[in-house]
Amino acid sequence: MRTTVGIIGAGPAGLLLARLLHNAGIDSVVLESRDRAYVEQRQRAGILEQGTVDVLRAAGAAARMDREGIPHDGIELRFDRRRHRVDFPALTGGRSVMVYAQTEVCKDLIALQLAAGGPLHFEAEALAVEGAETENPSIRFCHQGREDVLECDYVVGCDGSWGVARKAVPADVSQVFERTYPFGWLGILADVPPSHDELVYARHDRGFALLSMRSPTVTRAYLQVPAGTDAADWGDEEIWDELDRRLETDDAWTLKRGPITAKSVTPMRSYVHEPMRHGRVFLAGDAAHIVPPTGAKGLNLAVGDVVTFARALVELRETGSDARLEAYSATCLRRVWQAERFSYAMTTMLHRAPDATGFEDRIQLAQLDRITTARPAETDLAEGYTGFPLD
Ligand code: RFL
Ligand code: PHB
């Protein structure tokens, strides 16, 4: 098998890249280790930045998002039983975000890719990437019990945090920067309308809580829990009681409860692998970087990476210049580190570390006080949340 761009992974990064290349008349093959149902059901992100929405529209992949997605012009910060709304368009010159689940983005992109006859192979696991430093890198993979090789001009590793593409970068040029947090998120889906029309991020002495949504009838919510917590240890009523406590306010706001349909725990990690390219092998999305979900940045960063790669390859085709391709890693990393900084700041401002002292509590409250009373601080949050520009 031979193709121009071999793509490992059919998460949002790999699927969108295949779509962008298809639109530019460049052929690609996507290899995905899991089956289609698994990829389409994996519960993850819920927030699309303005730039991601724009990219999906320009790629012709936004028809259902524009019908079913819920545009959001702000978030609420809750602390000290108080509520403060951050108005995105007013602070950022008109930018906002969209609530549309990652599962739905993936379903839409898979349908488009298969309709276009684009090669997308499920249950095809990449085993290794070879020849990164040559003009013909290849992917050794296993499909339906048989080993095969995909020969490429370029390989893009969109294979997530546990992928194999990263191993194509030799150890002596790889650098890893990371931080783990002593807590995780217990996430639930519940068949009950959202209790508030925008997302609520709450700082509480008992820990962080987030109220989100998937649709007008489905609530998504998260609770900070100690690292290593087993979701099965939390009873449904216990989860609602804890959300109630952490989201409490002095006004008449109430939490709507309903049947919980899914429960899982996500660890929290910040991670960056540098560089994001070695020879003709490129890394994109979670394969190169992880952020804690507090800033809602992971999927949006993945989108930024593949847009950067696709633009660079199109420029090479059209002008013969490989300047953008050469700059791929540096261009992406600048945006990645802004998102790492933002996600870290949101995480440390809103979560309570197990060893936190009264001093740390007061600093968190002072930060929140600053954001809710000083326009430059509030603008900084709004700009970070709605997203850093692509170029
Ligand atoms: P993915 O989605 O992990 O996809 C990688 C794909 O590669 C496949 N794969 C392989 N295929 C072939 N051969 C191999 N050897 C392979 N190894 C792996 C995998 O099966 C998979 O299909 O990475 P991608 O495309 O880079 O996308 C990244 C996003 O999924 C991730 O950053 C976000 O989900 C993070 N995230 C959020 N991001 C946001 O922008 N906004 C949010 O609101 C948000 N909330 C979240 C999140 C992540 C969460 N979890 C569970 C980590 C909330 C949570 C709880
Ligand atoms: C979600 O709805 O899953 C979600 C929303 C905002 C975040 C993280 C996750 O910051």
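Atoms within each ligand, like the ligands themselves, are counted from 1 in listed order. Values reported hereafter were calculated over all heavy atoms of this structure, with side chains retained and with hydrogens, waters and symmetry mates removed.
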Atoms of ligand 1 less than 4.0 Å from R42 heavy atoms? 19 (C), 20 (O), 21 (C), 22 (O)
Against heavy atoms of P293, which atoms of ligand 2 measure under 4.0 Å? 7 (C), 8 (C), 10 (O)
Closest protein heavy atom to atom 11 (N) of ligand 1, given as residue, atom name and distance to 0.1 Å: S33 N, 3.1 Å
Under 4.0 Å from one or more heavy atoms of G285, ligand 1 contributes atoms 26 (O)
May I ask you to decide if the ring planes of F388 and F342 are parallel, tilted or perpendicular, using 30° and 60° as cut-offs? perpendicular
Got an N/O contact under 3.5 Å between L299 and ligand 1? yes
Please identify which atoms of ligand 1 are closer than 4.0 Å to at least one heavy atom of G298. 32 (O), 35 (C), 38 (N), 39 (C), 40 (O)
Using a 4.0 Å cutoff against the non-hydrogen atoms of L31, which atoms of ligand 1 qualify? 11 (N), 12 (C)
Under-4.0 Å heavy-atom contact with ligand 1, by part of D286 that carries it: both
Nearest protein heavy-atom contact for atom 44 (C) of ligand 1: which residue, which atom, what distance? A45 CB, 3.0 Å
Element-labelled atoms of ligand 1 that are located less than 4.0 Å from some non-hydrogen atom of Q102: 2 (O), 29 (C), 30 (O), 33 (C), 34 (O)
Taking the six-membered ring of W162 as reference, does the cationic atom of R269 (NZ for Lys, CZ for Arg) lie under 6.0 Å from its centre and within 45° of its axis? yes
With a cut-off of 4.0 Å, which atoms of ligand 2 are near a heavy atom of L199? 5 (C), 6 (C)
Is there any side-chain hydrogen bond (donor to acceptor under 3.5 Å, both in side chains) pair reaching into residues 4-26, and which pairs are they, with sequence neighbours excluded? T4-D27
N300 versus ligand 1: do any nitrogen or oxygen atoms come within less than 3.5 Å of each other? yes
Kindly indicate, with the supporting measurements, whether the criterion side chain to side chain donor-acceptor pair (under 3.5 Å) is fulfilled by N300 and T52. CA-CA 6 Å; N300 297 291; T52 297; 2.6 Å; yes
G160-ligand 1 polar pair, N/O distance under 3.5 Å: no
What do you reckon, does R34 have a nitrogen or oxygen under 3.5 Å from a nitrogen or oxygen of ligand 1? no
For atom 18 (C) of ligand 1, what's the nearest protein heavy-atom neighbour? Residue, atom name and distance, please. D159 O, 3.1 Å
Please state which protein non-hydrogen atom is closest to atom 2 (O) of ligand 1 and give its distance, to 0.1 Å? R44 NH1, 3.1 Å
If I apply the N/O under 3.5 Å rule, does A126 come out as touching ligand 1? yes
Which atoms of ligand 2 sit under 4.0 Å from any heavy atom of T294? 10 (O)
If you measure from each non-hydrogen atom of R44 to ligand 2, which part falls under 4.0 Å: side chain, backbone, both or neither? backbone
Within the 4.0 Å heavy-atom shell around C158, which atoms of ligand 1 are there? 5 (C), 6 (C), 7 (O)
Please work out whether any backbone atom (N, CA, C, O) or any side-chain heavy atom from C-beta onward of Y100 is under 4.0 Å from ligand 2, and answer side chain, backbone, both or neither. neither
Using a plain distance cutoff, I'd like to know if A287 has any nitrogen or oxygen under 3.5 Å from a nitrogen or oxygen of ligand 1. no
Is it the case that ligand 1 has an N or O less than 3.5 angstrom from some N or O of R220? no
Answer side chain, backbone, both or neither: which part of I8 comes under 4.0 Å from ligand 1, heavy atoms only. side chain
Any idea which atoms of ligand 2 are less than 4.0 Å away from a heavy-atom of R214? 1 (C), 2 (O), 3 (O)
What atoms of ligand 2 come closer than 4.0 angstrom to any heavy atom of Y201? 6 (C), 7 (C), 10 (O)
Part of S161 within contact of ligand 1 (heavy atoms, under 4.0 Å): neither
Applying a heavy-atom cut-off of 4.0 Å, say which part of S212 lies close to ligand 2: side chain, backbone, both or neither. side chain
Give the atom numbers and elements of ligand 1 that come within less than 4.0 Å of a heavy atom of G9. 6 (C), 7 (O), 8 (C), 11 (N)
If you count the atoms of ligand 1 from 1 in the order shown, which ones are under 4.0 Å from a heavy atom of G46? 42 (C), 43 (O)
Identify the protein heavy atom lying closest to atom 4 (C) of ligand 2, giving its residue, its atom name and the separation to 0.1 Å. Y222 CE1, 3.8 Å
